[in-house]
Q: 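Pasting a structure below so you can have a look.
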Amino acid sequence: MIIYELAVKGRINKAQNISTTDTLNDIPQKLRRKKRAYLPEVSELQAVRHYTQLSQKNFSIDTHFYPLGSCTMKYNPRACNSLAMLPGFLARHPQSDDSLGQGFLACMHELQDMLKEVTGMQAVSLAPMAGAQGEFAGIAMIRAYHDARNDTARNEILIPDAAHGTNPATAVMCGYRVKEIATDKNGDVDFDALKAAVGPQTAGLMLTNPSTLGVFERRIKEIAALVHAAGGLLYYDGANLNAILGKVRPGDMGFDVIHMNLHKTFSTPHGGGGPGSGPVGVNERLLPYLPIPVVGKKGDTYRIFDEHDIPQTMGRLSAFAGNAGILLRAYIYARMLGKEGMVRIAEYSTLNANYLMKMLEQAGFELAFSNRRATHEFIVTLKKQAKELNVTTLDFAKRLLDLGYHAPTTYFPLLVPECLLIEPTETETKDVLDAFVAAMTTIKKEAEQNPDKVTQAPETMPVRRLDEVRAAKQLDLRWPAKENNA
Amino acid sequence: MIIYELAVKGRINKAQNISTTDTLNDIPQKLRRKKRAYLPEVSELQAVRHYTQLSQKNFSIDTHFYPLGSCTMKYNPRACNSLAMLPGFLARHPQSDDSLGQGFLACMHELQDMLKEVTGMQAVSLAPMAGAQGEFAGIAMIRAYHDARNDTARNEILIPDAAHGTNPATAVMCGYRVKEIATDKNGDVDFDALKAAVGPQTAGLMLTNPSTLGVFERRIKEIAALVHAAGGLLYYDGANLNAILGKVRPGDMGFDVIHMNLHKTFSTPHGGGGPGSGPVGVNERLLPYLPIPVVGKKGDTYRIFDEHDIPQTMGRLSAFAGNAGILLRAYIYARMLGKEGMVRIAEYSTLNANYLMKMLEQAGFELAFSNRRATHEFIVTLKKQAKELNVTTLDFAKRLLDLGYHAPTTYFPLLVPECLLIEPTETETKDVLDAFVAAMTTIKKEAEQNPDKVTQAPETMPVRRLDEVRAAKQLDLRWPAKENNA
Amino acid sequence: MPFIPHTDYEVKEMLNAIGADNIEELFDEIPAELKISELKNIPSQLTEMEISRLMHERANQDNTPICFAGGGAYDHHIPAAVWEIATRGEFYSAYTPYQAEASQGSLQVIYEYQSMIANLTSLDASNASLYDGASALAEATLMAVRANRKSKSKRILVPRTVNPVYRKVTHTLVKNQGIKLEELNFDLQQGLIDMASLPAEPGDITAVVIPLPNYFGVLENVDELTDWAHKHGALVIAVVNPISLSILTPPGEWGEKGADIACGEGQPLGIPMSSGGPYFGFLTCKQALVRQMPGRIVGRTLDLDGKPGFTLTLQAREQHIRRSKATSNICTNQGLMVTAATIYMAIMGPDGLEKTAIASHGNNKKMLEKLTSKKSITRTFNQSFFHESVINIAADNASVLKKLAANNIVGGINLKSDYPELGDAILVCATEKRTVKEIDFFTEQLATAIAS
Amino acid sequence: MPFIPHTDYEVKEMLNAIGADNIEELFDEIPAELKISELKNIPSQLTEMEISRLMHERANQDNTPICFAGGGAYDHHIPAAVWEIATRGEFYSAYTPYQAEASQGSLQVIYEYQSMIANLTSLDASNASLYDGASALAEATLMAVRANRKSKSKRILVPRTVNPVYRKVTHTLVKNQGIKLEELNFDLQQGLIDMASLPAEPGDITAVVIPLPNYFGVLENVDELTDWAHKHGALVIAVVNPISLSILTPPGEWGEKGADIACGEGQPLGIPMSSGGPYFGFLTCKQALVRQMPGRIVGRTLDLDGKPGFTLTLQAREQHIRRSKATSNICTNQGLMVTAATIYMAIMGPDGLEKTAIASHGNNKKMLEKLTSKKSITRTFNQSFFHESVINIAADNASVLKKLAANNIVGGINLKSDYPELGDAILVCATEKRTVKEIDFFTEQLATAIAS
Ligand SMILES: Cc1ncc(COP(=O)(O)O)c(C=O)c1O
Ligand SMILES: Cc1ncc(COP(=O)(O)O)c(C=O)c1O
């Protein structure tokens, strides 16, 4: 049922309905809406029941193991939510005087400091609202840097072919051309290809390390030296920071600018698609271009820095201060981890990934890079199953749903055929990993003996496999506009 | 899975684990626990996931139509919950000084006043923690009244056979014998039987009006006069107050004492079995015996009244002040209803019940009292189906679950064979009622054509029909005491 | 109309179907002279926006003072997950699980709760909850009277070291059934039951109530008391604090044979203080006594396919089946609180509970040291305690507590009316939540209040 | 270990299985010289109890002042049900619905959201959200450039009556793609775009941005502006307040043909102000432009059995498929906020939204009357407004606002740096939540602050 199907014309929620004697007489008729907007007219109970029922149709961390590679689906502590939603935080207008926000600003300032420390960068801005916006801020800063030096011939950003789609999309939004760099057979950047590509036209290189292939880029120092020598800068896509937190820092690897995905590494909720938060960190080179606002401190007082304080800023990215409430959640999480807890995240997410990789290998699954350590994630390829049994990664993914597991990331990165990118995270138990291996093994057997079971999956979900072609061809993007039933 | 099955020895939730250097050295060894209590050792994520998954195995108002007769399963406004859980309310210690509780006490005092008004009584105590405790308080007050007059020969409480089980159980807890009064064929108290039973041994009469048969006791004034004339008092079981709120008041009917079920009429949550709240109201006769505490007001200041203020009190019923947080929810609800809303509750719950009764009758179901108006509930009897088709009320109830409806109350009241006591409440839409009639009709057909479908139901629930005999014979009331898995 | 979904059009349709002209007609069986026209003394309806404003004002008015009071309601930390999950609609808005197949969530939670609380008390079986600690004691005494078939006297010995309100509530609830509650006095130096004062020949006793810790926070000699009671044919009813049981000897292990019944207040297990309720009473017992338990009980059984599931069981003890012969009149209990407590215990685990108990004990110790460093404050009893203690102050305790309240401190519980022999005595408590800074602040404020 | 469930025993077992001696060995591919030994400048871990205490202190420090500021973030009432449901784990902790069959909840919510917001703006299609109102405007301009194939100039006219920060953000986000944002000035008496000032021969314009209400709260002549833009071959991008659309002409009905794209800030629809985020940007458009939309879109389709279901669609526009040729780089959007907004709109319904708009408008009117009853306060513009307005005060506005803050009032937004020509101007707003008492209090405090 769609909420509109529950609606009846004239139904009103009186408890939410302000009684007012005010009129709109002073608003010219031609600016007044003629016909009421078609919104559902349902009771509060109907709405509560409908959305509660809908929620139950979701898999989520709170209900299922969710080993979605590159997404870091770890436990989102409930305390982060309830404390970030204290009335004092919710009620703060973003443009209220700093004197009315010292509590909030203290958290933000401390968060900036903690993120500086874990990334090894000189300064952090919390402004970007997700990873992709962090990337934008980063590449725009690189551009501002070159522009400030009148080094305007650099029109190219180098990006490994394993990179996330946001990387090339971002480079283009910043007015750059994208040059793809191949990956070698061990999952590292093809160093020769990189060497050949670097040149005076190179504005910078975007790199994810550990990469989206689930391996650590071992020649990172050489890569950094190469790019820097050519006058380019290095951008670090921090989506995989979880794997190395407290072990090794992007700043120390030689990166000039980095974004973090707080909704991954710092466990803020994914919310069915967002909001996230993508703070950027920079070294000295890019300090003058940091996006605003940034929280500063004078004596004991916190203050919001704007274009007056950072005149060369690459600019503003949001109407106010980014996803403040998400930043609060990340702050709370970071304080609960502390210095001791942060490094353990890297350790135990890596332990879980390597264990799961080993167990799946033992169960007969083919690894994309069997001679490499897993980082916090790793890749299984089902190309054999696809070829020999005609059972694809998509089929495996759907069948996993039936067995009570959210599927890993499928078909990404693009260069590994029929791949599953598996990221268990540090918050899952060994028992869960073992059970997941058992489920994968079951499906493997089914694929061999009873392939229909897999190719027809799922069978236990609210719907069976959906017709995506139809969805794109016969566009149905909204409930037809009409009136609520009488 | 039981939570213990998820546990592993040595697993610790560090975020909830206070680090302390304190010792127990000063506690004698013989008073110290030798072996750790066997409690589950699970991670916070495991606990969150486990209990979130469990919650999804419940039907509830927020997810299903729940027409459980006598239980008033109406919408529990979410605002009542979130406002009652504001930090200022949660943090109040029950024995903190009145000066630190004026906000809370103001709510309680106003709630007392509102409940006085809707019941037509002289005074209200909020102390009882559920309906049954309200009954206890009421009957104990009746006893205190007779005792105070040295009228000690009265050892009997009269209770109609349709009454809820708590009524006779309560009378016994107060040291009384119970005399049952028969019901006549129209669902009223058998007046002649009552007349015959009333006498000098009569301490009082407990009556639910509207009765649990879903009809209003029309001769209530005569009944009251009869019992009063014999020196007995009248107790009103307010479980069905929803049906008459703002239309007619127990005090005006002649009752001396009444309890209310705030978890029914005032929409506080049922919480899977409680907590409830069962305030009592009294007329002048019983005023001196009111249970404590009661909230009083002096000038602008609220104060808790105790045995010093009400020296003849029947006593205390709880360690502190009853289910305070539930009372807050009832207060919030009452204020949102206001005088206008309260009477509408009676009107629309009655409208829904009469409509549903009519539609079910038209669908071919047999009513227990087809010549009577429904109050906010009514009774269908399936004795024909039970006899002719061997499909019982229990079977219908289980099959309803499959069709997405919680079953009405079954086999209560005891005197109507194979009965369903159906209470739709005022917060459900006509559409829901129509759909419920359709579901009942479907089952009726199935019972005729395909009875297995009904007698084997449910088939879509987390478990199939449970072996209750085994449950009572092979008692398994706890997970076997052992240690968590290593 | 708040919470009523009907449109005018629907109302008309429904009345048509019923065959009535208007809604009022549906009330035509109610004698006209009884009907009222209006609820005069009730204010007009508020929108959610308006009531929100009012409730925020009132909650802010009551503030969040620093709490040094215990006496049955304790200011422990509660993990955020507890109430975020307990208030999910599926738990919050469900009824008592009468339709087991549609209530496996609530039922399993209760089964898990029964397991945990039985383990905590080291007894065999638990019910699904009673109203609160005080009424649980009353039910325990009634249960003991039913269970102790050998005893005819209905005499229950109740030490004065049991929470005085619990004794009052028990009296209220059992007095009409011929049960006699007899007091045992305590030692004024030690704050516990004087073993020497127990009669050598007590006669027929049905049960003895033994608190641990007792109301003064002091630890009773539970082994000796238990054995003494059993020797004289009495059942033992333990009144215990569930958090303390992570470090103190559980009732099932008291003396030679263990207590027979344990009960108490569940509030410390994840329930906010919230002006005194809703909390929940717990009740556990030895296997042999199960059928005398009041209240609901959940059992594990099998479904038609042999798959395990949960259901209410032993319902023949209850009022809805047994009516006047039921073990108690209780019907609605405190289900949601039990849900919260179960989640709390699962999240805390044995280690978390133990640390909470140790830190609370340690904080009380630190507080006592601090307080008694002031000349005007002395410790009343000299025995081991859990996490609260009685102090004597050199001023009128009622007015001192008022002064502390004015400084946003709940300074403890005034014992004068219940224990006049103790003089200006206050029962103070420090849970794991109290910081050194707060204890210092309290000490200074208390000393100042005494002096002024 | 916070949030890590491993026991020592399990770690050993797992290392054994891997064939490693210790966890550190798993990091052996990282060059040793890069590794750090410790995170020095990070404080030690806090328990939940400790962080709770800290966060309560900080939240209390910021208090809950009375808010008369708007400017893109509004203090509307939010029904309790909205966030109690939106924060349910199943919504809160799910990822983007990539596995449609296991995400029908989120997907249907988005589909319902798309339907509601399309109806509110009277346009054909909506995406699933963008970051916020400001970045939505930037995306709308990029979309217009892609969509207006006839125009080559990449010139976008942006009136100065559009929120200045939106203009800055748009500039930041589009400047590297050769897009030219050209300002349109406003009339100093009216506070809106002067139609007379529009060029008769504007040349090739790609799009015109039209706000309603504009940043000053004033209602622009949207019909004339729309027709003018269309006449010159430009697309029209509407920037609108969603609450106001329950009473104001929706973009789809502006002028002869209606606006082509509408965008704006979703915060008024049930999202708390919370220091500026997370909010969400909405974006709707005419059917013909759908394939130029940035961000995710949910479509309704059928499953294998022909049963309707929901899935992400038109993904070929997006970065994860199209990479450098995507319509935008956006990936994670503001899903949870959209969930909340959908529940908000469902609970409020058309009538509730309308009443909210009317009451807000009415309150602003009352506030203006009150304020301008003071000699030191004047209204800056003389045109119709929605629920905020600009006032001029006879004192330095920065220091006046500081004084109000000291009295726990957020007195509005200082316009001096963005609109120096307006003098000591403040943008004030009164939503439906403001009471007459608060407005009176504000008036007196403001007058006093000006005078002092
Ligand atoms: C490797 C990588 N880079 C960038 C991103 C983009 O981050 P966001 O979705 O927060 O914009 C992601 C997120 O999926 C990612 O996995
Ligand atoms: C008619 C009637 N009386 C009394 C009660 C007992 O109320 P409670 O369950 O709150 O103790 C009930 C509750 O089911 C009832 O329906």
Side-chain angles (χ1 to χ4, degrees), chain A residues 18 20 22 36 38-39 41 47 54-55 57-62 83 86 88 90-94 96-97 103 117 129-130 132 165 168-170 174-175 178 248 269-276 315 319-321 323-325 338-339 347 355 401 429-430 461-464 470-471 476 478-479, chain D residues 5 10 14 23 34 39 41-42 44-45 48 55 58-59 61-62 64 69 88-90 92-96 101-102 104-106 115 119 131 134 172 176 272 274-278 299-301 303-304 309 313 319-320 323-324 326 329 332-336 346-347 349-350 355 359 362 405 410:
Chain A
I18 291 155
T20 167
D22 295 320
R36 263 200 180 166
Y38 177 43
L39 294 176
E41 295 175 272
L54 279 189
S55 77
K57 294 188 179 178
N58 270 2
F59 277 30
S60 64
I61 304 174
D62 279 10
L83 295 175
L86 289 172
L90 294 188
R92 184 169 172 269
H93 189 283
S96 62
D97 195 74
E117 175 74 5
M129 291 180 283
T170 295
C174 292
V178 172
V248 50
H270 283 90
F320 301 108
N323 282 335
K339 59 165 76 178
E347 293 176 348
Y355 175 73
L401 306 180
T429 63
K430 174 175 176 297
M461 296 288 104
V463 290
R464 295 187 61 200
R470 183 193 164 99
D476 176 355
R478 66 184 288 195
W479 190 246
Chain D
E10 287 172 327
M14 293 169 82
I23 293 181
L34 282 179
L39 292 167
N41 296 314
I42 291 188
S44 270
Q45 65 196 16
E48 187 183 313
M55 297 311 283
R58 293 215 167 141
Q61 192 181 346
D62 291 356
T64 49
R88 283 171 59 85
E90 299 94 321
Y92 188 78
S93 74
Y95 201 77
T96 300
E101 299 85 354
Q104 289 294 298
S106 290
S115 306
N119 289 334
Y131 300 131
T172 302
N176 293 323
S274 57
S275 290
R300 196 154 167 263
T301 182
D303 76 358
L304 276 179
T313 193
Q319 45 71 32
H320 66 282
R323 301 179 71 84
S324 64
N329 71 339
T332 292
N333 58 25
Q334 307 284 115
L336 195 66
I347 288 179
K355 294 274 171 57
V410 180

Q: Any side-chain heavy atom of Pro278(D) within less than 4.5 Å of one from Met129(A)?
A: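 No, too far: nothing below the 4.5 Å cut-off.
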Q: Specify which of Asp62(D), Leu336(D), Ile23(D) makes the most heavy-atom pairs with chain A at under 4.5 Å.
A: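 Of the candidates given, the most pairs with chain A belong to Asp62(D).
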Q: Which bit of Arg36(A) is near chain D, if near means a heavy-atom gap under 4.5 Å: side chain, backbone, both or neither?
A: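 Only the side chain of Arg36(A) comes within 4.5 Å of chain D.
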Q: Just so I understand: if I count every heavy-atom pair under 4.5 Å between each of Ser275(D), Gly335(D), Pro350(D), Gly277(D) and chain A, which residue has the most?
A: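 Greatest number of close heavy-atom pairs with chain A: Ser275(D).
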Q: Of all the heavy-atom pairs spanning Ala359(D) and Ile18(A), show the shortest one and how long it is.
A: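 Closest pair (atom of Ala359(D), atom of Ile18(A), distance): CB-CG2, 3.9 Å.
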Q: Given side chains that start at C-beta, do those of Arg300(D) and Trp479(A) come closer than 4.5 Å, heavy atoms only?
A: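 When only atoms from C-beta onward are counted, Trp479(A) and Arg300(D) do touch, with a gap below 4.5 Å.
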Q: With respect to chain D, which residue among Cys174(A), Ala319(A), Ala132(A), Gly272(A) yields the maximal number of heavy-atom pairs within a distance under 4.5 Å?
A: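 Counting heavy-atom pairs under 4.5 Å, the top option is Gly272(A).
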Q: Less than 4.5 Å apart, any side-chain heavy atom of Glu90(D) and any of Asp62(A)?
A: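 No, every pair of side-chain atoms sits at 4.5 Å or beyond.
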Q: Go through Gly325(A), Gly338(A), Gly274(A) and name the one with the most non-hydrogen pairs under 4.5 angstrom from chain D.
A: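 The candidate making the most pairs under 4.5 Å is Gly274(A).
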Q: Between Ala134(D), Gly299(D), Ala346(D), Gly309(D), who has the most heavy-atom pairs with chain A when the cutoff is under 4.5 Å?
A: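 Highest number of pairs under 4.5 Å: Ala346(D).
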Q: Which heavy atom of Phe320(A) sits nearest a heavy atom of Gly276(D), and at what distance?
A: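 Distance-wise, the nearest heavy atoms are CB-CA, 3.8 Å.
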Q: Is Thr170(A) close to Gln319(D) at the side-chain level, that is, under 4.5 Å between some pair of heavy atoms?
A: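 A side-chain contact under 4.5 Å is absent here.
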Q: For chain A, find which of Arg88(D), Gln45(D), His320(D) contributes the most heavy-atom pairs closer than 4.5 angstrom.
A: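 When all of Arg88(D), Gln45(D), His320(D) are compared, Gln45(D) has the most.
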Q: Measure the CG-CD distance between Asn41(D) and Glu117(A) for me, rounded to the nearest 0.5 Å.
A: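 So the gap between those two atoms works out to 4.0 Å.
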Q: Hey, does the side chain of Thr172(D) reach the backbone of Gly315(A) with a donor-acceptor pair shorter than 3.5 angstrom?
A: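 No: the side chain of Thr172(D) does not pair with the backbone of Gly315(A).
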Q: Quick one: side-chain hydrogen bond (donor to acceptor under 3.5 Å, both in side chains) partners of Thr96(D), sequence neighbours excluded?
A: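 If we apply the side-chain hydrogen bond (donor to acceptor under 3.5 Å, both in side chains) test to Thr96(D), skipping adjacent residues, the hits are Arg296(D).
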Q: Of all of Leu39(A), Asp476(A), Thr20(A), which one pairs up most often with chain D through heavy atoms under 4.5 Å apart?
A: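 Sorted descending by pairs with chain D, the first entry is Asp476(A).
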Q: Quick one: does Ser60(A)'s side chain have a donor or acceptor within less than 3.5 Å of a partner on Ala94(D)'s backbone?
A: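 Not confirmed, Ser60(A) side chain does not pair with Ala94(D) backbone.
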Q: For Pro275(A) and Thr332(D), work out which heavy atoms get closest and say how close.
A: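 Closest heavy-atom pair between Pro275(A) and Thr332(D): C-CG2, 4.2 Å.
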Q: Please list, chain by chain and in numerical order, all residues satisfying salt bridge (Lys or Arg N to Asp or Glu O under 4.0 Å) with Asp303(D), sequence neighbours excluded.
A: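 Residues passing salt bridge (Lys or Arg N to Asp or Glu O under 4.0 Å) with Asp303(D): none at all.
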Q: Name the option with the most non-hydrogen atom pairs under 4.5 Å to chain D; the candidates are Met461(A), Glu347(A), Arg92(A).
A: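 Heavy-atom pair counts peak at Arg92(A).
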Q: Where is the tightest heavy-atom contact between Thr64(D) and Ala91(A), given as atom of each residue plus distance?
A: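 So the minimum-distance heavy-atom pair works out to CG2-CB, 3.7 Å.
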Q: Answer whether the closest heavy-atom distance between the side chains of Arg478(A) and Asn119(D) falls below 4.5 Å.
A: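 Yes, close enough: below the 4.5 Å cut-off.
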Q: Of the backbone (N, CA, C, O) and the side chain (C-beta and beyond), which part of Leu401(A) lies under 4.5 Å from a heavy atom of chain D, both, or neither?
A: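 For Leu401(A), side-chain heavy atoms alone lie under 4.5 Å from chain D.
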Q: Could you look at Ser106(D) and say if it's the side chain, the backbone, both or neither that has a heavy atom under 4.5 Å from chain A?
A: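 Both parts, backbone and side chain.
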Q: Starting at CZ of Arg464(A), measure out to CD of Glu101(D) and round the result to the nearest 0.5 Å.
A: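 CD of Glu101(D) is found 10.5 Å from CZ of Arg464(A).
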Q: Hey, which of Pro272(D), Gly349(D), Ala405(D), Ser274(D) has the most heavy atom pairs under 4.5 Å with chain A?
A: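 Heavy-atom pair counts peak at Ser274(D).
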Q: To check you understand the geometry: which heavy-atom pair defines the closest contact between Val410(D) and Ser96(A), and what is its length?
A: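 The pair with the smallest heavy-atom distance is CG2-CB, 3.6 Å.
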Q: Taking every heavy-atom pair that is under 4.5 Å apart, which of Ala130(A), Gly88(A), Ala169(A), Ser55(A) has the most such pairs with chain D?
A: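 Greatest number of close heavy-atom pairs with chain D: Ser55(A).
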Q: Specify which of Lys355(D), Gln334(D), Glu48(D) makes the most heavy-atom pairs with chain A at under 4.5 Å.
A: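 Ranked by heavy-atom pairs under 4.5 Å with chain A, first place is Gln334(D).
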Q: So how far is it from Lys57(A) NZ to Gln104(D) CD, rounded to the nearest 0.5 Å?
A: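 Between Lys57(A) NZ and Gln104(D) CD, I get 7.0 Å after rounding to 0.5 Å.
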Q: Looking only at heavy atoms and a cut-off of under 4.5 Å, which of Gly273(A), Pro168(A), Gly175(A) has the most pairs with chain D?
A: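 Counting heavy-atom pairs under 4.5 Å, the top option is Gly273(A).
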